[in-house]
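In what follows, a single structure is set out as structure tokens and then discussed.
In each ligand, atom 1 is the first atom listed, and ligand 1 is the first ligand listed.
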Amino acid sequence: MSTLLNGIAASSGIAVAKAYRLVEPDLSFKETVVDHVDQEVTRFRDALSISVQELETIRDRAREELGADKAAIFEAHLLVLSDPELISPIEDSIKNDKKNAEAALKVTADMFINMFESMDNEYMKERAADIRDVTKRILAHLLNVQIPNPSMISEEVVVIAEDLTPSDTAQLNKKYVKGFTTDIGGRTSHSAIMARSLEIPAVVGTKEVTSSIQNGDLVIVDGLNGEVHINPTDEVLAQYEKLSEEYAKQKEEWAKLVNEKSISLDGHEVELVANIGTPKDLKGVVENGGEGVGLYRTEFLYMGREELPTEEEQFNSYKAVLEGLADKPVVVRTLDIGGDKELPYLNLPHEMNPFLGYRAIRLCLDQQDIFRTQLRALLRASIFGNLKIMFPMISNLDEFRQAKSILLEEKEKLQNEGIEVAEDIEVGIMVEIPSTAVMADTFAKEVDFFSIGTNDLIQYTMAADRMNENISYLYQPYNPAILRLVKMVVDAAHKEGKWAGMCGEMAGDEIAIPILLGLGLDEFSMSATSILKARSQIRGLSKSDMEQLASDVLAMTTNDEVLEAVKTKLSL
Ligand code: PEP
Ligand code: MG
């Protein structure tokens with residue numbers, strides 16, 4: 001039977017493929033006393049040997065596709081599986097205590113996990129994690145359930161998950177993963193942002209895909225309208241075939257604008273630039289006619305690994321991006337970790353409110369060795385292109401002053417070491433905390449530019465967690481409260497002769513773009529895949545009409561009122 005679920009359209013496009021559940025299986029079991037211990041030992045050995053075979057395949061594939069360093073983790077797991085110090089006590093427990101294999105495995109593994117975890121040594125703590133992982137794998141085989149592994153996918157699928165961490169998303173192989181859909185998350189959660197940069201259609205926040213979809217079900221992910229169809233009828237499939245064709249045609253039209261200017265009907269030019277997460281995203285920026293990079297989220301360099309990236313690794317990435325874009329501007333944001341972006345190896349304390357906690361510039365100003373390493377790498381790379389540096393999560397002027405003075409200290413040190421650094425690097429801030437938007441006039445005297453981070457600015461202004469789908473209705477980019485803050489920032493910048501951009505998702509939103517154009521925003525930074533559509537829209541608008549529209553909507557009272565006004569005015 002065909003079923004329809006609604007969610008949030010997180011990444012445009014349409015995907016039709018079989019479902020692949022990326023969901024942790026239920027590994028609960030009952031402890032029993034066994035009569036035939038030899039049979040039980042055999043059952044355990046069988047589960048062990050299948051686990052070994054499986055891990056060898058995963059390791060080989062990881063080595064081919066991700067490189068030897070990423071494969072090393074599976075090598076470590078294989079070592080654990082061949083360690084008699086772990087395996088013999090499990091078999092002894094089956095033989096002597098007559099425990100079933102599941103219980104013998106769990107008791108023995110838990111003993112080793114506790115022992116390693118209590119050691120004051122990072123290496124040993126990691127061994128505990130290895131044992132936990134391999135135990136899960138053997139247990140799954142004993143219980144005859146499957147542990148999902150995205151790196152083993154070898155046919156076209158739609159991934160079904162409760163949520164995807166940014167590093168899960170980064171590991172999805174575009175060749176096979178045609179789309180994904182999740183129970184939780186919103187348009188600005190990082191899995192959604194990654195999906196857009198990977199150009200994978202996605203619908204998030206459906207609340208119930210994992211409980212409604214089984215492995216192998218045929219699924220349509222409609223990332224244009226936020227719909228998920230499960231085992232669709234032939235009629236629905238035919239409709240989607242048509243919709244896909246229309247969307248492809250539309251994209252061909254937009255593609256004609258790749259080398260054109262982003263200029264309004266009455267000659268006002270703005271900059272349309274891209275948000276990127278890694279140097280690999282550059283290809284998309286160029287193909288989609290990006291006029292530069294308005295937000296390079298450097299935290300992805302730090303994620304999905306076991307330790308901090310070295311200055312040299314960072315330097316190489318920054319240099320690659322700057323060179324890849326020749327003289328086009330590249331705004332690099334310094335490390336913005338925290339919130340939904342975790343770095344397990346920093347061992348940060350668990351917090352009640354991570355989005356309000358120890359994150360981004362707060363962490364960098366506290367752990368200055370991390371910050372200084374990044375700044376040195378950036379400064380060294382600065383001579384290879386048009387670099388601008390931006391600090392995230394600035395909430396007051398002291399933070400900006402402190403961050404900037406650390407930057408200048410590192411610059412001076414490098415110059416004293418005889419290392420060349422570009423002279424004219426602009427230094428700006430993200431405006432994503434209401435206190436900073438309100439004080440934009442004072443900031444404007446000291447910063448070179450602003451980039452408004454609406455994903456966070458909206459969550460902090462509306463007091464609504466951007467990850468929580470139950471309150472996603474409070475993600476209200478057109479709420480006049482947000483529009484007024486945007487206006488304050490743009491006006492404050494212009495008064496001091498500075499420029500104002502926006503790198504939150506709102507900058508690529510077809511309802512917001514006309515208002516932002518009217519408010520005088522100078523730079524719009526968005527997923528590369530949104531650029532051509534936005535350019536096509538701006539080329540059809542008159543700036544002076546949009547000034548009138550902006551002034552009209554600023555006087556309105558609700559998000560929906562503004563939404564309707566823009567739709568009516570522009571026939572959207
Ligand atoms: C923002 O907050 O709008 C932003 C662009 O940063 P991020 O989404 O990475 O928090
Ligand atoms: Mg942010």
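- Contact annotation: the side chain of Met430 approaches that of Arg333 to within less than 4.5 Å [non-hydrogen atoms, C-beta and beyond].
- Residues that satisfy the ring-ring contact (aromatic ring centres under 6.0 Å, His included) test with Trp254, not counting sequence neighbours, are absent from this structure.
- Arg535 places a side-chain N or O within donor-acceptor distance of the main-chain N or O of Gly289, the cut-off being under 3.5 Å.
- A salt bridge links Arg305 with Glu313: the closest approach of a Lys/Arg side-chain nitrogen to an acidic carboxylate oxygen falls below 4.0 angstrom.
- At a 4.0 Å heavy-atom cut-off, ligand 1 does not touch Ile452 at all.
- Summarising the geometry, atom OH belonging to Tyr478 is positioned 6.0 Å from atom CG belonging to Leu563; distances are rounded to the nearest 0.5 Å.
- Close N/O approach between Glu299 and ligand 1 is not found [any backbone or side-chain N/O within under 3.5 Å].
- Remark: side-chain polar atoms of Ser536 are not paired, donor with acceptor, to backbone N or O of Leu532 under 3.5 angstrom.
- Looking at Lys341 against ligand 1, only its side chain comes within 4.0 Å, counting heavy atoms.
- Looking at Asp456, its N, O or S atom nearest to the Mg ion (ligand 2) turns out to be OD2.
- Any N or O atom pair closer than 3.5 Å counts here, and Arg359 shares no such pair with ligand 1.
- Atoms of ligand 1 found under 4.0 Å from any heavy atom of Cys503 (numbered from 1 in listed order, with element): 5 (C).
- The single protein non-hydrogen atom nearest to atom 6 (O) of ligand 1 is Arg333 NH1, 2.9 Å, given as residue, atom name and distance.
- Residue contact check: Arg297 has heavy atoms under 4.0 Å from atoms 4 (C), 5 (C), 6 (O), 7 (P), 8 (O), 9 (O) of ligand 1.
- Side-chain contact between Leu554 and Asp552 is absent, with no heavy atoms from C-beta onward closer than 4.5 Å.
- Listed by number with element, the atoms of ligand 1 under 4.0 angstrom from any heavy atom of Asp456 are 1 (C), 2 (O), 3 (O), 10 (O).
- Using a 4.0 Å heavy-atom cutoff, Met430 is listed among the residues neighbouring ligand 1.
- The backbone of Thr454, and not its side chain, has at least one atom closer than 4.0 Å to an atom of ligand 1 (non-hydrogen atoms only; backbone = N, CA, C, O).
- The shortest heavy-atom distance from Gln459 to ligand 1 is not under 4.0 Å.
- Under the 30°/60° scheme for interplanar angles, the aromatic rings of Trp499 and Phe449 are found to lie parallel.
- Under 2.8 Å from the Mg ion (ligand 2) lies an N/O/S atom of Glu432, whether from backbone or side chain.
- Residue contact check: Leu295 has heavy atoms under 4.0 Å from atoms 5 (C) of ligand 1.
- Of the candidates Arg376, Arg372, Lys319, Glu311 forms a salt bridge (charged side-chain N to carboxylate O under 4.0 Å, His left out) with just one, namely Arg376.
- Residue contact check: Arg466 has heavy atoms under 4.0 Å from atoms 2 (O), 7 (P), 8 (O), 10 (O) of ligand 1.
- With respect to the salt-bridge test (charged N to carboxylate O, under 4.0 angstrom), the residues Lys498 and Asp448 do not qualify.
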